[in-house]
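First comes the structure, then the notes that go with it.
As a basis for the values below, the full set of heavy atoms in this structure was taken, side chains included, without hydrogen atoms, waters or symmetry mates.
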Amino acid sequence: MRGLRGGRLPDPRDGAAQRHVLLSRLRPAGLAVVVLAVLIGLATGSPGAPAEGGRAAASTTRPTPGGTSATPTPTASSTGSTGGSSDTGAGVEFPSSVVLEAPTSTVPAELARFYGAKIAWAPCPGSKRDRCGSVRVPVDYAHPDGATVRIALRKVPATKPSMRKGTLFINPGGPGASGIEFARHASSFFSTRVRDVWDVVGFDPRGIGESGGFPCLRTKDLDAMYAADPTPDTAAERAALLKGRTDRVEGCLRRGGELARNMGTENVARDLDILRDAVGDTHLNYVGISYGTLLGALYGKRFPDRIGLMVIDSAVNPDVFAAAGATQQQVDDWASSDADGVDQTFDEFFDHCAKSGDCPLGSDRTTAARRLVSFLDGLDRHPLPSDAMGIPRLTEGWAVTALGAVLQFPDSYDDMEGALSSAIDEGDGTGLVWMAMNTVDRADDGTYGGYEVSHLAVRCADWPYDPTEDMQPSRSVLDKHPLYAHLAGSWADSCKGWKGTVRSDLVVLVDAKTPVLVIGNLDDPTTPIFGTRRMARAIQNSALVTVDAQGHGAYSAGNHCIDRVVDDYLVDDLVPAPSTICAKE
């Protein structure tokens, strides 16, 4: 296992660990993305009701055996309830089914040489089942006659070829997570029903992993970023923080060259249409999770008549650019709301810790938070020794990295208690460093997972402006929530100095010709539900289904109701009634 020794956090090599690793929850390095999403919700008001679902006016994949639309069969139960059977869909109404028509748009002449490609599929290394291949796309769509990059794909063929519906593209989010790795674990994530009828295809987006991946952030950049003081309180510390941010952006652009300057989800969406054509489908069938939901939405905005069956799971807020006009009061409102969530999460952790009778933070909830803050302040002045390979000291930055993400997951509470006990009572920072390493996917040899290496270039192309760079929460808010002040701190990644492409679609609005299924958990700490609701509003002709559950990512997370909804949509073309709620199970 990476980092954590004998702990509960999942090993990224374990297929069952998709929820924590492959589904790319936004780690501390990506917290600014969550900040922007939350801030927009507060700045623009209530998300309101979701868009209506219903019968599609157009579009699907090319006709294939088993791909005909199913006759809708509403159940007797009312919309919003759930059933207990895993094979009936009981309790969820399906008032319509997908109706598909041929797309009307044409390929621009300047891009014609990239369409019509044939993928030379070959066995993937170490797999008898999966097939690997690549497709060439232009680095700069404004100059398609220039440099190109090959996008790597991994296909998990449908297990029942006679019932094959087409290709289901998948993206786990990030930004920067590997779709190839996601596909490698498809059998642990997608149901047998889905895998029977779809070729599941994952791909590494441009500039990431096997698709021309470049070291946007190197090990020494990431180690320094996570070790840095998150609460600089002197002019020298603040200057060092700003210089580190600028150096990371400039270094990424220098090492990545033209490809680094042409990252971003809009370009990936255009790549995805070339991939769709290369597999022979007339429409894009797609499952996007977390940041992958933005890819699906931007694809739909550019190619609305080519949307096939599309699942948007745990969406990021689509309209983040409006945050550029944030006021101090709006920042404070966001910070107060987020701080309340941090305090609640800590209380839940402490209640668990106190039950052991030997909690390193004591037995009183009020003083426990103060003791943790005091511990973090002490690390700023006197880091603790660590035996972790390559990280000899537990700094405040590494401790915050461990705490900020791990406390979101109750199955890590015992490990966090043990690591805190070693640090506070014995002066040994090794446990917390290991937990931080696991959180950011850092191996003992110093290598980081693809998300950590690649996310900065994508984020800067998509969200170049971060209002928290110039406008921090007021002192009154931070003083009221001292633990939040330490865990939130100063955002690790910044886009000051970015000289690459910038997302042009400031507001996402998709006129989908096929019903899009939008799903999300009501208690999602990474992409809060209001962002998913706003995405449903942004995608006209969408059906929103919410799940009364915790955690990031709704499908394949243990709720049978939402699993049935997604499977019935992908396999039988059935569209659930809008505003359906899957109850807690």
Side-chain angles (χ1 to χ4, degrees), residues 33-34 36-38 40-57 59 79-80 92-96 98 171 173 265 269 284-302 304 307-322 505-524 526-549 552-555 557 559 561-563 565-566 568-570 574-583:
V33 175
V34 180
L36 288 169
V38 175
I40 288 302
L42 293 169
T44 56
S46 172
E52 291 289 321
R55 183 175 296 273
S59 268
T79 300
V92 176
E93 292 183 359
F94 296 96
S96 62
V98 176
N171 182 277
T265 307
L284 177 74
N285 302 292
Y286 177 79
V287 174
I289 305 163
S290 190
Y291 189 84
T293 62
L294 182 64
L295 173 57
L298 292 183
Y299 179 93
K301 182 168 185 174
R302 179 171 285 273
I307 298 174
L309 296 168
M310 181 175 287
V311 178
I312 300 297
D313 185 347
S314 306
V316 297
N317 192 310
D319 301 333
V320 291
F321 269 97
D505 281 333
L506 305 187
V507 176
V508 175
L509 185 62
V510 181
D511 183 15
K513 304 304 180 184
T514 303
V516 173
L517 179 59
V518 181
I519 64 176
N521 292 329
L522 292 175
D523 187 7
D524 184 335
T526 304
T527 53
I529 190 61
F530 70 77
T532 298
R533 286 173 172 151
R534 289 189 67 82
M535 183 67 86
R537 293 187 65 195
I539 302 175
Q540 299 179 31
N541 195 22
S542 67
L544 173 66
V545 180
T546 54
V547 186
D548 186 5
H552 186 46
Y555 180 73
N559 185 285
C561 169
I562 194 61
D563 289 352
V565 168
V566 173
D568 287 344
Y569 174 78
L570 291 176
L574 296 178
V575 183
S579 302
T580 295
I581 299 174
C582 282

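Shortest non-hydrogen contact noted between I562 and A554 is CG2-O, 3.5 Å. Of all heavy-atom pairs between I307 and A512, the closest is CD1-CB, 3.8 Å. Of all non-hydrogen atoms in A583 and N559, the two that sit nearest each other are O-ND2, 3.0 Å. A pairwise comparison of heavy atoms in A543 and V575 identifies CB-CG1, 4.0 Å as the closest pair. In this structure, A315 and T532 approach most closely via the heavy-atom pair N-OG1, 2.9 Å. A pairwise comparison of heavy atoms in I539 and S542 identifies O-OG, 2.9 Å as the closest pair.
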*Check the pair V98 / L309 against side-chain contact (heavy atoms from CB on, under 4.5 Å), numbers first and verdict last.*
CA-CA 8 Å; V98 176; L309 296 168; 3.4 Å; yes

_Does L570 form a side-chain contact (heavy atoms from CB on, under 4.5 Å) with V287? I'd like the steps, not just the answer._
CA-CA 10 Å; L570 291 176; V287 174; 4.2 Å; yes

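For D523, the side-chain hydrogen bond (donor to acceptor under 3.5 Å, both in side chains) partners at least two apart in sequence or on another chain are Q550. Under the side-chain hydrogen bond (donor to acceptor under 3.5 Å, both in side chains) criterion, D524 pairs with T527, H552, sequence neighbours left out. Applying the ring-ring contact (aromatic ring centres under 6.0 Å, His included) test to Y286 and every residue at least two apart in sequence or in another chain returns nothing.
Under the 4.5 Å side-chain criterion, counting only non-hydrogen atoms from C-beta, L517 is in contact with V565. Contact check for F94 versus D568: side-chain heavy atoms found under the 4.5 Å cut-off. When side chains are defined from C-beta on, Q540 counts as touching L509, because their heavy atoms get closer than 4.5 Å. Residues R533 and L544 meet the side-chain proximity criterion, which asks for heavy atoms closer than 4.5 Å. Residues V92 and C561 form a side-chain contact, since some pair of their non-hydrogen atoms from C-beta on lies under 4.5 Å apart. Contact check for M310 versus L284: side-chain heavy atoms found under the 4.5 Å cut-off.
In this structure, the side chain of N521 does not engage the main chain of I529 through any donor-acceptor pair within 3.5 Å. No donor-acceptor pair under 3.5 Å is formed between the side chain of T293 and the backbone N or O of I312. Checking side-chain atoms of D313 against main-chain N and O of G553 turns up no donor-acceptor pair under 3.5 Å. Side-chain N or O atoms of S314 include none that pairs as donor or acceptor with a backbone N or O of S290 at under 3.5 Å.
Taking CG of N171 as the start and OH of Y299 as the end, the distance is 14.0 Å to the nearest 0.5 Å. Taking CG of N541 as the reference point, atom NZ of K513 lies at 9.0 Å (rounded to 0.5 Å). Here the CG atom belonging to L295 is positioned 6.5 Å from the OG1 atom belonging to T265, to the nearest 0.5 angstrom.
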